[in-house]
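Step one of this worksheet: look at the structure below.
Hydrogens, waters and symmetry mates play no part in the numbers below; they use all other heavy atoms, side chains included.
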Amino acid sequence: MAADAADPATAAASPTVPAALARPHFIGIGGAGMSGIAKILSQRGARVEGSDARESLSVTALRGLGATVHLGHDAANLAADATSVVVSSAIRPDNPELAAAAERGVPVVHRSDALAALMEACRPLAVAGTHGKTTTTSMLAVALGSLGLDPSYAIGGDLDEPGSNAHNGRGEIFVAEADESDRSFHKYAPEVAIVLNVELDHHANYASMEEIYESFEIFAGRVRPGGTLIVSADHEGARELTRRVRERGDVKVRTYGEAADADVRVLDITPHGLTSETTVLLDGTELTFAVFVPGRHYASNAVAALVAGTEMGLPAGDLAKALGTYTGVRRRLQLMGEANGVQVIDSYAHHPTEMTADLEAIRGGAGDGRVLVLFQPHLFSRTQELGTEMGEALALADASVVLDIYPAREDPIPGVTSELIIDAARAAGADVRHAESRTAGAELVAGMAAPGDLVLTMGAGDVTDLGPRIIAGLAP
């Protein structure tokens with residue numbers, strides 16, 4: 001049974017730190033996933049150290065918790081008494097700190113193994129899917145917190161303040177974003193798991209849709225005995241996963257969505273500007289609650305969170321009200337500011353499905369204003385495979401400016417540039433142009449905007465940093 005929402009004193013004591021993680025060194029400690037684990041370890045009493053390429057809000061937050069963070073990567077950064085080196089799949093084999101660990105025999109722990117160890121003594125609730133993981137995990141963290149349950153959580157983005165991507169709670173529930181990109185979500189053993197959608201992405205790691213299905217099937221098989229898999233009934237890939245898992249018969253599956261055969265049926269989603277009101281039929285009872293973020297996809301995420309919480313033993317009515325306390329997460333349609341009657345909103349969308357969903361959501365709240373986009377493609381491999389679909393998504397905007405590809409961890413691929421997206425967008429009838437630099441892109445979109453318009457900075461790279469520059473450029 002879940003802890004009593006009215007009595008947080010019934011919560012479990014904070015679990016201890018595994019010996020291997022008592023003195024960990026994180027390579028790339030400022031990353032979204034890495035910083036969250038480092039934060040929880042710091043809060044549990046571990047002596048955390050690490051390195052990152054540059055200063056960031058996450059680095060500042062970790063230092064505030066007592067962690068030591070070196071700027072730049074150097075073998076000398078690895079402490080003599082380090083008990084392990086924690087890495088993500090983004091760390092290259094030739095990293096000098098990783099090489100030093102090998103020379104000295106210091107154990108190397110993947111980020112996912114560290115997170116799995118932190119969840120082991122808790123009641124884990126894992127959120128997976130090609131899109132929407134961060135939002136849904138955040139909704140659950142906020143809602144459970146507002147119920148007095150003080151959950152632990154590890155999220156791929158910040159809530160309403162810098163560094164709030166993770167928390168070591170005193171409650172027994174641990175909510176975690178489960179990343180399928182490198183198959184690391186196979187390491188977790190959740191009591192309840194959510195799969196929001198299943199689509200082809202992460203082309204460097206998955207060669208086909210069949211590989212994606214197989215990976216999600218393994219994740220479904222990791223659900224603890226007596227636990228539940230929550231799956232969307234509205235997405236083709238998710239429905240196929242449900243069919244496969246139910247055919248296998250080794251885990252309870254509960255579906256949700258607008259589809260007529262959903263176990264928990266969404267009866268209505270009524271938009272109200274940049275918010276919505278959602279009505280569901282849950283176990284024979286109609287329940288209506290508010291969602292204070294725009295778009296049907298965010299309302300759907302809230303329903304997934306609702307169903308998962310009830311499977312953890314929480315009262316549906318209390319949880320529905322608690323979900324209304326969620327007001328957003330950094331970079332997920334986050335209002336950055338307003339100037340001269342123009343709102344600037346930041347979107348993390350980088351896959352065509354996400355781009356379409358966010359643009360449709362913003363269109364619903366734009367009224368008579370135009371929707372303008374400054375888009376930064378993320379990864380050469382993703383652009384190579386999905387550039388046409390990205391361009392078609394941009395046709396939903398009134399006008400777009402496209403930056404060069406943000407490479408992240410990848411090397412360039414010959415012939416793969418932003419022009420692939422721009423050509424596809426123009427073929428779909430879009431008003432789109434290319435910017436030679438980030439600065440030029442910010443100036444261009446600011447010059448296009450007029451009072452009443454909405455401007456989106458869109459992409460998973462550093463396009464978010466351009467929001468303040470656009471706002472400054474909008475000033476009369």
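Between Asp462 and Gln376, the shortest heavy-atom distance links the atoms OD1-NE2, 2.8 Å. Nearest heavy-atom pair, Gly72 versus Ser51, reported as atom, atom and distance to 0.1 Å: O-CB, 3.6 Å. Ala393 and Leu359 get closest at one heavy-atom pair: O-CD1, 3.3 Å. Ser437 and Leu403 get closest at one heavy-atom pair: O-CD2, 3.5 Å. Closest approach of Arg438 to Asp465, counting heavy atoms only: NH2-CB, 3.5 Å. The two atoms that bring Phe380 and Ile405 nearest to each other are CD2-CD1, 3.7 Å, heavy atoms only.
At most 12 non-hydrogen atoms from other residues, nucleotides or ligands lie less than 6.0 angstrom from CD of Glu236.
You'll find the side chain of Val127 reaches within 4.5 Å of the side chain of Leu196, heavy atoms only. Between Leu229 and Phe216 the shortest side-chain heavy-atom distance does not fall below 4.5 Å. In this structure, Val344 and Leu474 have side chains that are in contact, with non-hydrogen atoms separated by less than 4.5 Å. The shortest side-chain heavy-atom distance between Leu241 and Glu217 falls under the 4.5 Å cut-off. Taking 4.5 Å as the limit, every side-chain heavy atom of Ile362 sits out of range of all side-chain heavy atoms of Asp358. A heavy-atom distance below 4.5 Å is found between the side chains of Glu392 and Thr388. When side chains are defined from C-beta on, Pro24 counts as touching Val48, because their heavy atoms get closer than 4.5 Å. In this structure the side chain of Val106 never reaches within 4.5 angstrom of the side chain of His25, judged on heavy atoms.
Although no hydrogens or angles enter the test, the distance criterion places no donor-acceptor pair under 3.5 Å between the side chain of Lys187 and the main chain of Ala116. In this structure, His110 contributes its side chain and Ser112 its backbone to a donor-acceptor pair below 3.5 Å. Put simply, the side chain of Glu389 never gets that close to the backbone of Pro352: no donor and acceptor are under 3.5 Å apart. Between the side chain of Glu240 and the backbone N or O of Tyr213, no donor-acceptor pair lies under 3.5 Å. In this structure, the side chain of His186 engages the main chain of Ser215 through a donor-acceptor pair within 3.5 Å. Proximity of a side-chain donor or acceptor of Ser84 to a complementary backbone N or O of Ala20 within less than 3.5 Å is detected. The backbone N or O of Val253 lies less than 3.5 Å from no partner atom in the side chain of Thr228, so there is not a single donor-acceptor pair. Proximity of a side-chain donor or acceptor of Arg47 to a complementary backbone N or O of Arg23 within less than 3.5 Å is not detected.
Remark: Arg183 engages Glu211 in a salt bridge, criterion side-chain N to carboxylate O under 4.0 Å. Ion pair Arg63/Asp52 not flagged as a salt bridge, since none of the NZ, NE, NH1 or NH2 atoms sits closer than 4.0 Å to an Asp/Glu carboxylate oxygen. Asp94 has no carboxylate O lying under 4.0 Å from a charged side-chain N of Arg92, or vice versa, which leaves the two without a salt bridge. Between Arg123 and Glu172, at least one side-chain nitrogen of the basic residue sits less than 4.0 Å from a carboxylate oxygen of the acidic one, meeting the salt-bridge criterion.
To the nearest 0.5 Å, atoms OG1 (Thr60) and CG (Leu65) are separated by 11.5 Å. With rounding to the nearest 0.5 Å, the separation of CG in Leu147 from CG in Leu323 is 8.5 Å. Note that OH of Tyr406 is 9.5 Å distant from CG of Leu379, once rounded to the nearest 0.5 Å. Between Ile422 atom CD1 and Arg433 atom CZ the span is 11.0 Å, to the nearest 0.5 Å. Of the inter-residue distances, the one linking Arg44 atom CZ with Ser152 atom OG reads 5.5 Å to the nearest 0.5 angstrom. Taken from CE in Met355 to CG in Leu456, the straight-line distance is 10.5 Å, to the nearest 0.5 Å.
Side-chain contact check for Asn165 and Ser35: at least one donor-acceptor pair (N or O, by modelled atom type) lies under 3.5 Å. Using modelled atom types and a 3.5 Å distance limit, the side chains of Glu49 and His70 yield a donor-acceptor pair. For the residue pair Glu199/Thr130, the side-chain donor-acceptor check at 3.5 Å is not satisfied. Side-chain atoms of Asn301 and Thr135 include no donor-acceptor pair closer than 3.5 Å. With 3.5 Å as the limit, one finds no donor-acceptor pair spanning the side chains of Asp179 and Ser184.
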Check: Between Glu443 and Thr439, is a side-chain contact (heavy atoms from CB on, under 4.5 Å) present by the stated rule, with each step listed?
Finding: CA-CA 6 Å; Glu443 292 174 350; Thr439 299; 3.6 Å; yes

Checklist line | Worked verdict on Phe375 versus Ile421 for side-chain contact (heavy atoms from CB on, under 4.5 Å) | finding: CA-CA 10 Å; Phe375 177 61; Ile421 298 169; 3.9 Å; yes

Item checked: Leu21 vs Val86, side-chain contact (heavy atoms from CB on, under 4.5 Å): CA-CA, chis, key distance, verdict -> CA-CA 9 Å; Leu21 296 174; Val86 183; 4.1 Å; yes

Check: Can you list the steps and then say if Glu55 with Leu71 is a side-chain contact (heavy atoms from CB on, under 4.5 Å)?
Finding: CA-CA 7 Å; Glu55 291 283 358; Leu71 294 183; 3.4 Å; yes

Next item on the list: Report the C-alpha separation of Glu210 and Arg244 in whole Å, then their side-chain angles, then the decisive distance to 0.1 Å, and conclude whether the salt bridge (charged side-chain N to carboxylate O under 4.0 Å, His left out) test is met.
Entry: CA-CA 12 Å; Glu210 184 58 34; Arg244 294 182 181 212; 2.9 Å; yes

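No close placement of the Tyr188 and Phe219 rings is indicated, their centers lying 6.0 Å or farther apart.
Put simply, the residue from Val175, Ile173, Val192 that forms a side-chain contact (heavy atoms from CB on, under 4.5 Å) with Leu140 is Val175. Of the residues His378, Glu385, Gln384, the one that meets the side chain to side chain donor-acceptor pair (under 3.5 Å) test with Arg382 is His378.
Under a cutoff of 6.0 Å and an axis angle of 45°, Arg111 and Phe26 do not form a cation-pi pair.
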